[in-house]
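The structure appears right after this line, and notes come after that.
The shown structure was predicted, so the numbers you read here are calculated from the model rather than taken from an experiment. Order of the sequence lines sets the chain letters (A, B, ...), proteins ahead of strands, with each chain counted from 1.
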Amino acid sequence: HKQGLIYRDKRLVNWDPGLLTAISDLEVESREITGELTHFRYPLADTVYDPDDPTTYIVVATTRPETMLGDTAVAVHPEDDRYRAMVGRDVILPLVGRRIPIVADYYSDPEKGSGAVKITPAHDFNDFEVGNRHKLPVINVFDAQAAVSLQDNEAFAEGLNAIALRPLIAALHGKDRYEARAWIKTAMEEAGYLDQVEANVHQVPFGDRSGVAVEPFLTDQWYVNAKRLAEPASDVVREGKVRFVPEVWSKTYFDWMDNIQPWCISRQLWWGHQIPAWYGPDGHIIVERTEADALRVAETRYGGTVLVKSRDEALAAWRASAASASEPRSDKAPPPQIAGDVDAGELDGIAPASSAAHQVTILYRDEDVLDTWFSSALWPFSTLGWPHRTPELRKYYPTSVLSTGFDIIFFWVARMMMMGLHFLNREPFHTVYIHALVRDEKGAKMSKTKGNVVDPVALMDEFGADALRFTLAAMAAQGRDVKIAKARVQGYRNFATKLWNATRFADMNECKIVAGFDPSCAQSTLARWIVTEASRAERDVAQAIAAYRFNDAAAAIYRFTWNTFCDWYVELVKPVLSGPDGSEKDEIRATTAWVIDTILKVLHPFMPFLTEELWAITAERSGTTRATRLIHARWPGDGPRDESAAAEINFVVDLIATVRSVRAETNVPAALEADLILVGANPSHENWLVRHDAAIRRLARAGTIAVADVAPRNAAQAVVGDVVVCLPLEGLVDLDAERSRLNKEMARLEKEMAKISGRLANPKFLEKADEATIEEQRQKSDETSSRLDKLRAAIDRLDPAL
RNA sequence: GGGCGGUUAGCUCAGCGGGAGAGCGCUGCCUUGACACGGCAGAGGUCACUGGUUCAAUCCCAGUACCGCCCACCA
């Protein structure tokens, strides 16, 4: 206040006649209304009105006929030839009799209505601006409830014949705006000034709490000079000290900051920080942090005793003392009525209190509270004990990342930036992460007032808090809005159950945590492979989180846990765990426990409750204790990698998957253990087959596994890398199904091959594409053609004629 | 009216210059000693439309259509 940043001003505000308060744009909701556009004729002054002669009047159109009571001009476009001659003349406002000018203003749009527009500065934002430009009087014709208020309305009566006005005032004073609208239309029609009424669809703003049409209304309010605060707040984003993620949102921020308007911060509500302003009887305003400070200032100013009372009491006391002060001078007009609800400013001019030492001066505190966003703007530091220089404030301000929705970039983010820079000279955070907005099933923004809120508690009751949290992370892709899909929450609940069961499996197989276990020393390929995959998953998740790509992070840990760990590792390891005790079994047990630990750590940010629980349970079952809770545990660092182990297991996985697919498609009975013959296997393939014999037999439902130089006839066959796997099941295999399966695969590969060779045959491709891409295409070409050769051979071997 | 965004499998959504993906749903098989909130195998998409840039476009650019959001709007 003392720096001139906060001031009191008389302005039009969006007034909610239901709540009797000024409301912010955020609380206004536009609705499409089918109404009427009423065209009135305003007769030219000093001319005889003739309904049949359009040169004797000017037509204006309005959707709010009742506002005509407050009209103080008619505006036409300066370059509109139709009205050029009329500019500077006056019209007589019908019913009222006020003489008002025709002004030229660019606001008037020749394309709309008649091209002439009535100007009501007290009840329309644009008209208010026009009024300022042309120094027009501002005539408020409504009260706070949006009822017509003409009785004792000096601005309205100014320059008019009071006696002639009486019938109009008697008819309209106190009438609701809509009743007044009807009355005026009728009266205008009866007087011959109604030109026409046309149907009209237009947007009308409603208060979203009261459901009442908002009315522009003239009041005294507290304002912040936001422009002065916005400049530094804009600069820190331009200079990169504060970054928006995704970056496009900085544009929204700049749009707001560059066009910032004075910010009305007073609200006529009960909840909130009460404005620390005290009014004295002479209209002086004292702004101090506390009432004690205000009293001290007031005592210096007024002398004597100063008391703070309620507004009503203070006004009554002032009125009484003003009356007694003016008594000896009976020629002075009586003090103006205290009108309106918030018009302390109108008290200017009331007789000042005497400064005699024995006198008592009454103050009252502003009853308004601060706009909720003003209070919220202080959040980054007021929560840390500001204005005191607390240790918390020193340690935690500035904060780091603000995560919020794009709908409050204006209201909250921008204001926190302004306040933080103003009060602490430092931006409140370095990154603003803008997430998507959850919408209802129709795509509408959730709103407490509309009641279309997706209830998170109900979803949590049904699927668990972790499932909901994971869903939100998985859907956090940086789009605009998200429709919450229940099936998806359910899917992630299933994921939680899956992990729970996998952990149970490990427990049943005594996969205990081994203190000091070093996964890089594991000997078995399975262990080395899963450790490699876990390390990859950890890296993927960490990178995605660092890039604020939470959906990618969630997907990476989901895939590893379910598709790699549960679907393959657990299945491959079963023969070992149910086999004889020994060093391999011990190692697999320890590795399994280690991998689960890694999953818990990496998954913890997404499913904190489940993982924390499992963290405790697994330790207890292992007979150990954890150094910390999971939430405080260290994120796993880079784990070891072993690409050759990965190649080996990938071959086994590929083999099993292929055999399963062939069996299913050629209708091999599920219970049948089919023998496998591998053609084209090299020595390491043979090693791998021996090493994983049990797992392959179990997972591929295989009988014996053998290696051969030549494929048997009439067997089902499939290509696995460089190897052809055959299921010699003459009589059991559906050979027609097998032939069509192979042909389908051929067709797919041939299409692929045609694409690749077309590319490689194109000289421009070879000339312009980068080398890595060309090399990649060559490799793909080799792989595809070798696969095609094997498939062709397989189809040939199926032909019984050969 | 101004601005921004979207249009990819039946549904909800990722991907975004060189092989079209996930979850749910759907089809077939499986009561396999962790899990039926499960397992295995599948089907399903000229990536809205039209033109352009490029050796190459679902991806970049322009336009069209439809959908949505924000701002303005009570003539």
Side-chain angles (χ1 to χ4, degrees), chain A residues 25 30 33 35 37-39 59-64 67 75 107-109 111-118 123-126 200 202-205 213-216 248-249 251-252 255-256 259 406-407 409-410 437 439 441-445 463 467 471 474-475 477 479-509 551-552 555 558-559 566-567 570-571 574 578 656-657 660-665 667 669-671 698-699 701 752 755-756 758-759 762-770 773-774 776-777 780 784:
Chain A
D25 297 342
S30 274
I33 297 295
L37 190 56
T38 307
H39 297 247
V59 173
V60 295
T62 181
T63 55
R64 291 189 302 161
T67 63
Y107 164 63
S108 179
D109 182 349
E111 304 294 316
K112 282 189 186 167
S114 64
V117 56
K118 62 193 263 322
H123 296 292
D124 182 283
F125 291 100
N126 288 309
N200 176 260
H202 55 268
Q203 299 291 316
V204 178
V214 166
E215 197 71 41
V248 286
W249 291 110
K251 186 174 157 31
T252 305
D255 282 352
W256 168 255
N259 299 302
F406 61 82
D407 55 331
I409 289 177
F410 299 165
L437 233 52
R439 298 183 183 276
E441 63 280 0
K442 280 171 286 188
K445 189 166 124 184
F463 300 116
T471 306
M475 301 202 308
R480 284 224 155 190
D481 45 60
V482 153
K483 276 176 260 177
I484 200 114
K486 205 169 156 180
R488 209 148 161 187
V489 186
Q490 186 175 18
Y492 293 126
R493 186 275 316 264
N494 295 353
F495 173 64
T497 308
K498 186 77 179 175
L499 177 63
W500 181 270
N501 283 317
T503 308
R504 202 160 67 100
F505 167 82
D507 178 45
M508 288 165 65
N509 285 282
N551 57 317
D552 287 345
Y558 180 96
R559 262 197 314 270
C566 292
D567 287 350
V570 166
E571 295 303 326
K574 276 176 181 172
S578 60
I656 292 165
R660 281 169 169 172
S661 177
V662 171
R663 288 177 57 115
E665 291 199 27
N667 305 314
R698 178 192 161 88
L699 297 180
R701 290 253 165 164
E752 174 74 24
K755 249 171 149 177
I756 299 169
R759 222 169 265 152
N762 184 344
K764 284 193 172 168
F765 171 73
L766 297 175
E767 185 188 326
K768 303 214 172 177
D770 55 278
T773 306
I774 295 172
E776 194 187 337
Q777 293 295 318
K780 226 179 261 178
T784 311

A/Thr252 side chain near B/C70 phosphate (N/O to OP1/OP2, under 4.0 Å): no
Complementary nucleotide for B/A62 - Watson-Crick or wobble, under 3.5 Å: B/U50
Straight-line distance of A/Glu776 CD to A/Ile756 CD1, nearest 0.5 Å: 10.0 Å
Sugar-phosphate only, base, or nothing, as touched by A/Asn126 at under 4.0 Å among non-hydrogen atoms: sugar-phosphate
Watson-Crick or G-U wobble partner of B/G23, both distances under 3.5 Å: B/C11
Nucleotide paired to B/G28 in any strand shown, Watson-Crick or G-U, under 3.5 Å: B/C40
Could you list all N or O pairs between the protein and nucleotides 35-38 of chain B that sit under 3.5 Å apart?
from	atom 1	to	atom 2	distance (Å)
B/C35	O4'	A/Asn501	ND2	3.3
B/C35	O2'	A/Asn501	ND2	2.9
B/C35	O2	A/Lys498	NZ	2.8
B/C35	N3	A/Lys498	NZ	2.9
B/C37	O4'	A/Asn494	OD1	3.2
B/C37	O2	A/Arg493	NE	2.8
B/C37	O2	A/Asn494	OD1	3.2
B/C37	O2	A/Thr497	OG1	2.6
B/G38	OP1	A/Asn494	ND2	3.0
B/G38	O3'	A/Lys498	NZ	3.0

For atom CE of A/Met475 and atom P of B/U12, their distance in whole Å: 12 Å
Sugar-phosphate only, base, or nothing, as touched by A/Gln777 at under 4.0 Å among non-hydrogen atoms: sugar-phosphate
Rounded distance in Å - CZ (A/Phe125) to P (B/C74): 9 Å
Minimum-distance nucleotide to A/Arg701 side chain [options: B/C73, B/G42, B/U32]: B/U32
Whether A/Tyr558 and A/Tyr492 hold their rings parallel, tilted or perpendicular, with breakpoints at 30° and 60°: perpendicular
Rounded distance (Å) that lies between atom C1' of B/C74 and atom NZ of A/Lys118: 10 Å
Base-pairing assignment for B/C74 (Watson-Crick or G-U wobble, both under 3.5 Å): none
Touch class at under 4.0 angstrom, heavy-atom based, for A/Arg698 against every strand present: nothing
Spacing of CD1 belonging to A/Ile774 relative to CD belonging to A/Glu767, to within rounding of 0.5 Å: 10.0 Å
Gap separating the OG1 atom of A/Thr503 from the CE atom of A/Met508, nearest 0.5 angstrom: 12.5 Å
Whole angstrom value for the distance that separates P of B/G25 from CZ of A/Arg488: 14 Å
Nucleotide nearest A/Ala487 (side chain, heavy atoms from C-beta), chosen from B/A41, B/G23, B/C24: B/C24
Counter-base of B/C69, judged by Watson-Crick or G-U geometry with both distances under 3.5 Å: B/G3
Criterion side chain to side chain contact (heavy atoms under 4.5 Å, CB included) on A/Phe505 and A/Asn509, from CA distance to verdict: CA-CA 6 Å; A/Phe505 167 82; A/Asn509 285 282; 3.1 Å; yes
Rounded interatomic separation in angstrom, taking CZ from A/Phe505 and P from B/A34: 6 Å
Sugar-phosphate, base or nothing in reach of A/Ser578, heavy atoms under 4.0 Å: nothing
Inter-residue atom distance A/Arg701.CZ - A/Ile656.CD1, 0.5 Å rounding: 13.0 Å
Watson-Crick or G-U wobble partner of B/G18, both distances under 3.5 Å: B/C55
Side chain of A/Lys768 (C-beta onward), nearest among B/C13, B/C55, B/A14: B/C55
Minimum-distance nucleotide to A/Arg660 side chain [options: B/A41, B/C74, B/A34]: B/A41
Salt-bridge criterion met for A/Glu571 and A/Lys574 (N-O under 4.0 Å): yes
A/Arg759 side-chain N/O to B/G19 phosphate OP1/OP2 under 4.0 Å: yes
Rounded distance in Å - CH2 (A/Trp256) to C1' (B/C70): 12 Å
Nucleotide of B/G42, B/C73, B/C13 approaching A/Glu665 most closely (side-chain heavy atoms): B/G42
Validation row: A/Glu215, A/Arg64 side chains within 4.5 angstrom (heavy atoms): yes
